[in-house]
K.L.:
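For reference, the structure I am asking about is given below.
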Amino acid sequence: MSTPTLATPPPAPGAPLTKKALTADHPTWCPGCGDFAVLASFYKVLEKLNYPQEKIVTFAGIGCSSRFPYFVNTHGGHYIHGRSLPFAAGISLGRDDLHVFVFGGDGDGFSIGGNHLVHTARKNPRMTYVIMDNSVYGLTKKQTSPTSPIGFKSKTDPWGAYDQPINPMRTLINSGATFVARSHATQVNHMVDMMLRAANHDGFSVVEILSECVEFFEGAFDGAVPRKGGAWQTIELKKNDGSPEDAARHDPTDEVAAFKLASEPWPGKFGVFYENKARPTKNALEQKLIANTREKTKNASDLELLSKTFARMR
Amino acid sequence: MSTPTLATPPPAPGAPLTKKALTADHPTWCPGCGDFAVLASFYKVLEKLNYPQEKIVTFAGIGCSSRFPYFVNTHGGHYIHGRSLPFAAGISLGRDDLHVFVFGGDGDGFSIGGNHLVHTARKNPRMTYVIMDNSVYGLTKKQTSPTSPIGFKSKTDPWGAYDQPINPMRTLINSGATFVARSHATQVNHMVDMMLRAANHDGFSVVEILSECVEFFEGAFDGAVPRKGGAWQTIELKKNDGSPEDAARHDPTDEVAAFKLASEPWPGKFGVFYENKARPTKNALEQKLIANTREKTKNASDLELLSKTFARMR
Amino acid sequence: MVSPNTPGPQDAARSSADTPSVPDVVIRLAGNSQDGIQAVGGFLARLAGRSDQEVMTYMTIPSTISGGPSIFQVRMGSGEILSSGDRADVLVAFYQHSYESHRSSLRPGGVLLYDSDHVKPDPDDKTVTAVGVPMTSATVEAVGGSSKEKGKNIYVLGLIARMFDLDIPKLTQLIKERFGGKNEDIVRNALLAFDAGYAYPAENLRYRLEKAAPPAPGARPQVTTDGNSALAYGLLAGGVRYGAAYPITPWSSIMETLRTELPKYGGIFVQCEDEIAAISTALGFSYGGNLAITGSSGPGLSLKMEALGWATMAEMPLIVVNIQRGGPSTGMPTNIEQSDLMQAIYGSHGDAPRVVLAPQDVEDCFYIAIEACRIARQFSTPVIILSDQALATRIEAFAEPDLPKLMIEAKPDLSPREATFKPYPLDQLQRHAPPGSVMGSGKYPTVTGLEHDELGHPTASPALHMKMTAKRRDKIKAVADNYTAPEVFGDEAGDALLIGWGCTYGPIREAVGRLRGAGVKVGQLQIRHVHPLDHGLEQIFARYKKIIVVEINDEGLYGYGQLATLLRARYANPAITSITKTDGLTYKVSEIFERVAQQLELADTTFGMRKQSILAMPARG
Amino acid sequence: MVSPNTPGPQDAARSSADTPSVPDVVIRLAGNSQDGIQAVGGFLARLAGRSDQEVMTYMTIPSTISGGPSIFQVRMGSGEILSSGDRADVLVAFYQHSYESHRSSLRPGGVLLYDSDHVKPDPDDKTVTAVGVPMTSATVEAVGGSSKEKGKNIYVLGLIARMFDLDIPKLTQLIKERFGGKNEDIVRNALLAFDAGYAYPAENLRYRLEKAAPPAPGARPQVTTDGNSALAYGLLAGGVRYGAAYPITPWSSIMETLRTELPKYGGIFVQCEDEIAAISTALGFSYGGNLAITGSSGPGLSLKMEALGWATMAEMPLIVVNIQRGGPSTGMPTNIEQSDLMQAIYGSHGDAPRVVLAPQDVEDCFYIAIEACRIARQFSTPVIILSDQALATRIEAFAEPDLPKLMIEAKPDLSPREATFKPYPLDQLQRHAPPGSVMGSGKYPTVTGLEHDELGHPTASPALHMKMTAKRRDKIKAVADNYTAPEVFGDEAGDALLIGWGCTYGPIREAVGRLRGAGVKVGQLQIRHVHPLDHGLEQIFARYKKIIVVEINDEGLYGYGQLATLLRARYANPAITSITKTDGLTYKVSEIFERVAQQLELADTTFGMRKQSILAMPARG
Ligand SMILES: Cc1ncc(C[n+]2csc(CCOP(=O)(O)OP(=O)(O)O)c2C)c(N)n1
Ligand SMILES: Cc1ncc(C[n+]2csc(CCOP(=O)(O)OP(=O)(O)O)c2C)c(N)n1
Ligand code: SF4
Ligand code: SF4
Ligand SMILES: [Mg+2]
Ligand SMILES: [Mg+2]
């Protein structure tokens, strides 16, 4: 939980961040859309984190889910389709004092944005990415997405989808993201817990939330909803207490174990798949580089530095 | 080895494909570049496969390695940076009678082209992709590549690279490629073996070959070269002969085992990491769809089909 | 109560001679996107098509995800219908917000049909005939409890059918065709709702749409469809069997149609991970010898610019469709704009000439697709088709194309190539040799984006780069030699030539009609060949005092729309100016008329405008 | 043998009065890229810079990976040096192929210095002074066995130093600075090679480069560098501290410089996975309140088009550098071309206006970068800098910039915003409020690529889209109000105005000098502000009979280069034509002169051309 780079002081006591303060435009989502619950949970997360409001940034790409920033009263924006991660990396690296959250859909994140996800992950900038996976393209009205299951009938696969879907947890674990978790939009407490842990992680943290599109893929995630006859199984994390039960628990620092867990059959488990607290963030590495370099140049002023450079060109 | 979709008949006996026939422009690579050995091995592979020359296609993106098609006397081309895989998928899907080979570098394939790799893999078009990984950008003269190790000094990381490199084998295994192998440009027989198996695989097959850039990253792969004091370890594949030795051998159909193998420390092992003969190719799936649909429309002619459509719009 | 679907003698009142007869009528349905008003509009349009009438529709799509206020407007009748109508003769208002937002679109003397269960119109508003009908409750009553208000739209269709004495057998047939695939109950409920609407007693609301002239003997029957469908089927007729794309509004429906249709024709359509992969896959198909298509809307087109340059350099045929929408950036995805023209021509780095075409109406979407296929193949070049959101979603009726004459069958040319074959000869047009073709020389060709010699080898030779650049340019110039001469409508010389491209065709033509009525000498020229331009324009331009380009984009830094910029650059003719707007809507005829009238300093900028609804003409109570 | 580095009295012959004196000289070194000829050229250029002389260099880069034939040409002297010289006075040929390819570049009367170990010149060629020197063996002898021919380049430097009586202390100082970081042996070997070359007995090859006028008292010292370095340091001076990019030739050296320099300034440069990620990361930096830079060359620029449109829509400041190269597609990566101008202006979908600037020489690369930073910040807009391969790699000497006056210090403006703050007001310029700024209204702003109202909420309102589009356009128009008036060189009115942009500045200026010498009235105007254009051009154009735009791109479908197209579109002035070429090389002065002379129908199209080498002038044996 200790994140030394999160340098922002908490707001003055007596002025905690409230849901009211955080609420912006009324969501334009369809009634019943899973994304409402994600939004509600995110408000709770921010209330708990209680960062200074002006230091929070909420960014997104394009899609139903990517409308998120309009509904949260923080600094933020709505970028182009699939490219929000490198944008957000720029925010985070350039402004280490901010708390950067990125929201998006499965199409935005795994289709057009899939490469940025992998490369942002391996750079490990400090920020939190929440993917609202509805296994369909919502905003463009029902085309196959990279997480649509084989057989899903969409406007671009009227006979059912053919292409093998990607496995988000496996992809994230492999990519180098240092915190990888999975949740479900019907489980508010679990979502809050996962997003909170992600936010407190010092690095690139990702939470994938299964969030139903009631308009174009109803019932997609019932398999994990007990009241719809599904199985809700959470991941128990190792306590390292030497107890016999502990052997069966998941070690989130073990990539291979995480990969195996992620390979379990649908609907799989929910919780923290992977966490790596050892790898330094790109924020920290770049700051260290700056510090080292400036030490070597004896903290010369910008003018001194550039003047010396020109002097060398005489 | 049986590849029912490889419908091309072998050439008339007496006209086998020779290295001479396959040789085109003299390579413009630097003397000593690892890519020469890959080219020589590829000639051998084509000689063994002995496909009709006009049915072979060699394509590539941009990079030193991507100059490959100019040096092979087959149909082929030189596309733009990082996008050769979707291009080649178009060739393969549109022309199921061809043998499509794609060549490229680590920058072309894992950096700018990283998303196409993943999505082409999950579609599983029938073709073979050979990545000549030199862990550096050769053509643009020594910038960090996504496989450059941490600490590698390049023009864009004068103090040594910071970002965690990607692990090609893990990435490929996770992506859904149905044949994944690794080789080394100093091991001609091994390269030939791997490329041959890849070519005979009915699906999207990938061989990553460590191929040294003598100009900008000398000695990068000495760790796997015995005469340079390195360790050359190949993967022994399970024979399923029930013998006790067999238990320790690698089962290439086991994704988790392959992932684990791929996670071994540098230089790791060489050989076939993963192979999936069960998953149908996109070529086959689309042809089946066509067959089913045309059966339903009773093989109506194009004119009949379109006329009916217009009749419905009256 | 008379129900058209209950057996019995036909309603005698139907052909009553005292029913006022109107040449054409504009009906605007205003509700929410969930209300199925598009279906009603679609039925009316199809009916018009089947009745040899002309029809044009116009719709808005709510920009919020969960739907919301939306309209569907249909103009149908016997005259030449070139626009969907500036204002409506009938407004059907489902909700109070529909009434409030759209009351002003109703012409004085028009008819306001409102759902009295939801709407309270202004009681003091006497300029229109307001008729309240309990649409919601009457539907529930007619259909029965369970289906709630579903069917309200069909109830309204019944109302309109009675009001304009529409052809009931044809309409019920259409309803049956539409819902036939679903279960029996649905068809039955729909017909119940229709009958109830038809039976609603509003005897003084009776008009007769003039019958269209009977079709000439042997004339082709009319078909009714939207621009995106026409374009998709045009590609099929042009021999396109392969394609790849990524979804985006309003392009997606073309890819959905092709994905569904192509397997029947033995073809393949691939949904890719993004637009770059899509154009690449399409180019791979083309390289394989099968001319392929990719497409998108604005943002997706921007992503295709690099690969498009490759297609020019490697001389690879390709069809690229851009269904333009409001820009820049994500802009206004469900609105019309014509602001991607310069990008289509100049959007790639380097000198990368390519062909750009723009269809002028729904019918032309079909024909221009075929033309694009011919050009792409003949000149081995990428061809961009610039359609737009308005054409894409608008429904029109037109004569069924003569498919046996039009259809192109195209197989890869895998014939062996002569030993003298050069992939990139300087002195002639050449199509590439797709893989599978045996090379007589024994040398297999490499297609490439690097500058190359005639054999495809990379070169940095100054002389060759110069010659190859010229060759690629001259090739595209030569495309214009094959064009049929552009046609001028209206006056062949005079005060002004109005130039348009794309969906502005109809409104400009109507405006030209009115302008000529007002006594000015005006011609119209619609530019379908955007790049290269038709030969001979300079001579045509010389006959007019003003050349006014009417387009839906911004006037730019220097005061000219995008096509006007292009024409001024080519002809350096200061008489070329433009009329532009960027409100996300198609031009009304009156907007064009007014702005041209101002430029021509006409006294009356409303001349010829229908100030009263046609329904009011035979003065009624 | 006299060695300049052995202690002893200075060579008395050096200032001998009978040594012919020349104002400037063009030396072409022709060898392979591995021979270090660029280093020699670099030393000569730096020396000229340190001697208050003018200098301009020109080099070719082999297009094959493994290197190959390459040249480095340096023109140095006391006059105004505006081009690297059409032809050479001295040709140093390392190999037979160097001799054969470049013999024709040597002016009659010039000096051919060839490596007699490798080259056999044509014995019948009497028009030049051919001097064979055993460069290879003499170097091996001087330096000793192990290092082989390494040092041959420095040996040649010694030869040239003696030949032109160059300043030895300065040169040896430069050699020491260059190799100083490496081990002692290297410096020693280099000096040994230099001394050996200097000592080579070729007594009749002696010239004296005229001394430059001594610098005015208080004048700034000269610095010597290439265009990409000048641009990178200009960005630093302009306050850019963050950036992101992907490598590509010839852009890469800017990102490499910035990656190395920025940490010293507390900044960050990120190498991204591709150009789309790069512009996105840069926009993220800018959004954070720190104006950032991204850049690339042709293909990479094409990939940035979508995000660039977002920057216009969201009104985000950004610097985008394009080092143009031969196109289209991968084209000719190591050659010059100016063919990305239209893309820079029009390459994104929608009406997405942005600022485009073009530096005219190496010095200007520095100043235009600062100007770009000012504009980007002041107008909250993306600014594209169009440089090119020739400027990027060319070395020039210019007065050291007055950094204390020029440097911009820029920190994010995180001040609290008034309650009335609107992110997108219609009636004023606004810079966005970066995160960290407290909003007085309590409402935090959303930056967006959707059309929006003044508060940043998405809207599909026709009126707002129209107004916002106009606002974005008028903002970019207003940029021109701040420009200093464009300067005309040469005749203020007359027969022709030559217009150029980018690297053509120097050659056009020399050509104008010659044209005026030939008696025609010619002016020059170099367009640094490509979009928006400077005010007042129309009035200037009106003073000339012909407006001839000289550019390095194709004449296009309609016969005009890209800038000419733009100017014709704006002014519809048929007097505007262009001279274009696409051979991948910079203009020679004589090319411009000839083609303008043809257009002006001059009798002598070679007037003023130096037909003999300056070295031949004082007739010698
Ligand atoms: C470059 C580009 N391509 C395509 C689109 C169209 N588009 C908008 S959102 C979207 C996908 C939406 O799916 P997802 O990301 O899963 O979000 P959801 O709507 O399901 O929440 C697409 C294809 C676009 N805006 N830009
Ligand atoms: C869009 C685009 N961006 C950048 C480049 C420049 N470029 C050419 S090759 C290359 C990378 C080469 O590295 P790799 O793919 O590893 O091949 P190698 O040369 O090492 O074999 C780059 C960045 C380009 N041609 N196009
Ligand atoms: S379309 Fe689906 S994802 Fe989009 S708002 Fe509606 S329910 Fe949610
Ligand atoms: S630069 Fe490196 S990769 Fe390229 S040809 Fe030379 S050795 Fe090979
Ligand atoms: Mg989705
Ligand atoms: Mg590489």
Side-chain angles (χ1 to χ4, degrees), chain A residues 21 24-25 28 52-59 62 67 69-70 72-95 97-98 100 115-116 118-120 123 282 286 289-290 292-294 296-297 300 302-303 305-307 309-314, chain D residues 46 49-50 177 221-225 229 233 236-237 242 244 261 263-268 270 272-274 276-278 280-290 292 306-307 310 314 400-401 403-404 407 409 412 433-439 442-450 457-458:
Chain A
D25 298 5
T28 46
Q53 189 168 6
E54 75 278 8
K55 298 264 184 179
I56 308 168
V57 183
T58 324
F59 236 86
I62 302 285
R67 294 230 154 193
Y70 293 118
V72 185
N73 186 30
T74 63
H75 282 290
H78 193 209
Y79 192 48
I80 55 177
H81 189 38
R83 322 291 179 181
S84 56
L85 286 182
F87 190 107
I91 308 175
S92 171
L93 294 173
R95 291 287 308 281
D97 60 321
L98 301 175
V100 181
N115 207 34
H116 304 309
V118 170
H119 286 272
T120 305
K123 289 194 166 75
K282 187 162 178 82
E286 293 287 337
L289 171 61
I290 291 171
N292 289 347
T293 320
R294 292 187 63 79
K296 267 189 223 143
T297 58
D302 290 4
L303 177 60
L305 286 165
L306 197 55
S307 300
T309 299
F310 272 97
R312 273 195 303 274
M313 295 192 289
R314 278 180 199 158
Chain D
R46 292 289 295 278
R50 288 198 182 175
E177 283 173 21
Q222 287 210 114
V223 292
T224 310
T225 194
S229 301
Y233 295 120
L236 285 175
Y242 293 87
E261 291 293 318
K264 300 181 193 160
Y265 296 77
I268 297 177
V270 181
C272 288
E273 58 271 25
D274 65 16
I276 304 177
S280 300
T281 299
L283 281 168
F285 282 134
S286 277
Y287 170 69
N290 296 294
E306 190 199 1
W310 186 87
E400 188 169 326
L403 291 178
M407 272 188 82
E409 230 187 289
S437 16
V438 173
M439 305 307 294
K443 297 277 165 239
Y444 283 82
T446 304
V447 296
T448 173
L450 276 169
H457 302 289

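In what follows, chains are A, B, ... by sequence order, proteins preceding strands, each numbered from 1.
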K.L.:
Once rounded to the nearest 0.5 Å, what's the spacing between atom OG of D:Ser280 and atom CG of A:Leu85?
P.N.:
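If we round to the nearest 0.5 Å, D:Ser280:OG and A:Leu85:CG are 10.0 Å apart.
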K.L.:
Do D:Glu409 and A:Leu303 come close enough that some side-chain heavy atom pair is under 4.5 Å?
P.N.:
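No, side chains not in contact.
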K.L.:
I'd like to know which of D:Ile276, D:Asn290, D:Leu236 tops the heavy-atom pair count under 4.5 Å against chain A.
P.N.:
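Ranked by contacts with chain A, first place is D:Ile276.
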K.L.:
Using every non-hydrogen atom in the two residues, find where D:His457 and A:Asp25 come nearest and quote the distance to one decimal.
P.N.:
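Minimum heavy-atom separation between D:His457 and A:Asp25: ND1-OD2, 2.8 Å.
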K.L.:
Can you tell me if D:Thr281 uses its side chain to pair, donor with acceptor, with the backbone of A:Pro86 under 3.5 Å?
P.N.:
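Pair found, side chain donor or acceptor close to backbone of A:Pro86.
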K.L.:
Look only at the side chain of A:His116 and the backbone of D:Glu273, and say whether a donor-acceptor pair between them is shorter than 3.5 Å.
P.N.:
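Not at all, since once roles are kept as given, no pair shorter than 3.5 Å links the two residues.
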K.L.:
Of the listed residues (D:Gly449, D:Ala292, D:Ser437), which shares the most heavy-atom pairs with chain A below a 4.5 Å separation?
P.N.:
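Ranked by heavy-atom pairs under 4.5 Å with chain A, first place is D:Ser437.
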K.L.:
Can you check side chain to side chain contact (heavy atoms under 4.5 Å, CB included) on D:Val447 and A:His78, steps first, answer last?
P.N.:
CA-CA 6 Å; D:Val447 296; A:His78 193 209; over 6 Å; no
K.L.:
What closest approach, in Å, do D:Phe285 and A:Gly94 show between heavy atoms, and which atom pair accounts for it?
P.N.:
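Heavy atoms of D:Phe285 and A:Gly94 come nearest at CE2-N, 3.5 Å.
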K.L.:
Quick one: does any side-chain atom of A:Arg314 pair with a main-chain N or O of D:Pro221 as donor and acceptor, under 3.5 Å?
P.N.:
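A pair under 3.5 Å: no.
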K.L.:
Any side-chain to backbone donor/acceptor pair from D:Tyr287 onto A:Gly76? Under 3.5 Å, distance only.
P.N.:
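The answer is yes, because a donor-acceptor pair under 3.5 Å joins these two groups.
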K.L.:
Select, from D:Ile268, D:Thr225, D:Asp274, the one with the greatest count of heavy-atom pairs under 4.5 Å involving chain A.
P.N.:
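Among D:Ile268, D:Thr225, D:Asp274, the one with the most close pairs to chain A is D:Ile268.
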K.L.:
Which region of D:Ala237, side chain (C-beta onward) or backbone (N, CA, C, O), has a non-hydrogen atom less than 4.5 Å from a non-hydrogen atom of chain A, or is it both or neither?
P.N.:
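For D:Ala237, heavy atoms of backbone and side chain both lie under 4.5 Å from chain A.
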K.L.:
Look at the aromatic rings of A:Phe87 and D:Trp310 and report parallel, tilted or perpendicular, splitting at 30° and 60°.
P.N.:
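Correct class here is perpendicular.
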K.L.:
Give a yes-or-no answer on whether the side chains of A:Thr309 and D:Tyr233 include a donor-acceptor pair shorter than 3.5 Å.
P.N.:
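Result is no, nothing qualifies.
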K.L.:
Specify the closest pair of heavy atoms between A:Asn73 and D:Gly442, including all atoms of both residues, with the distance to one decimal.
P.N.:
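Looking at all heavy atoms of both residues, the closest pair is ND2-O, 2.7 Å.
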K.L.:
For the candidates D:Ser229, D:Gly266, D:Gly49, which exhibits the highest count of non-hydrogen atom pairs separated by less than 4.5 Å from chain A?
P.N.:
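The answer is D:Gly266.
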K.L.:
Are the side chain of D:Tyr444 and the backbone N or O of A:Ile56 linked by a donor-acceptor pair below 3.5 Å?
P.N.:
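No; zero donor-acceptor contacts below 3.5 Å.
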K.L.:
Most heavy-atom pairs under 4.5 angstrom with chain A, which of D:Ala307, D:Ala314, D:Ala244?
P.N.:
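If we count pairs closer than 4.5 Å to chain A, D:Ala307 comes out on top.
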K.L.:
If we define contacts as heavy-atom pairs under 4.5 Å, which of A:Ile62, A:Thr28, A:Leu93, A:Thr297 has the most with chain D?
P.N.:
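That would be A:Leu93.
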K.L.:
Could you tell me if D:Thr448 and A:Tyr70 have a donor-acceptor pair between their side chains, going purely by distance under 3.5 Å?
P.N.:
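D:Thr448 and A:Tyr70 do have a side-chain donor-acceptor pair below 3.5 Å.
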K.L.:
State whether the side chain of A:Arg95 and the backbone N or O of D:Pro435 hold a donor-acceptor pair below 3.5 Å, judged by distance alone.
P.N.:
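Judged by distance alone, yes, a pair lies under 3.5 Å.
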K.L.:
Heavy atoms only: give me the nearest A:Lys123-D:Cys272 pair and the separation to one decimal.
P.N.:
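Taking every non-hydrogen atom into account, NZ-CA, 4.0 Å.
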K.L.:
Mind listing the closest non-hydrogen atom pair of A:Ser307 and D:Glu400 along with its distance?
P.N.:
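Between these two residues, the closest heavy atoms are O-OE2, 4.5 Å.
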K.L.:
Is D:Val270 close to A:Lys282 at the side-chain level, that is, under 4.5 Å between some pair of heavy atoms?
P.N.:
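Contact flag for A:Lys282/D:Val270 side chains = yes.
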K.L.:
Can you tell which of D:Glu306, D:Glu177, D:Gln222 has the highest number of heavy-atom pairs within less than 4.5 Å of chain A?
P.N.:
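Top count of heavy-atom pairs under 4.5 Å with chain A: D:Glu306.
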K.L.:
Pair D:Met439, A:His75 - check side chain to side chain contact (heavy atoms under 4.5 Å, CB included), show working.
P.N.:
CA-CA 9 Å; D:Met439 305 307 294; A:His75 282 290; 3.9 Å; yes
K.L.:
Find the one option among A:Asn115, A:Leu306, A:Ile91, A:Val57 whose heavy-atom pairs under 4.5 Å with chain D are most numerous.
P.N.:
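Top count of heavy-atom pairs under 4.5 Å with chain D: A:Leu306.
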K.L.:
Identify the two heavy atoms, one from D:Pro263 and one from A:Thr293, that lie closest to each other, and give their separation to 0.1 Å.
P.N.:
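Closest approach of D:Pro263 to A:Thr293: CB-OG1, 3.6 Å.
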K.L.:
Determine whether A:Ile290 and D:Tyr265 make a side-chain contact, defined as any pair of heavy atoms from C-beta on separated by less than 4.5 Å.
P.N.:
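Not in contact.
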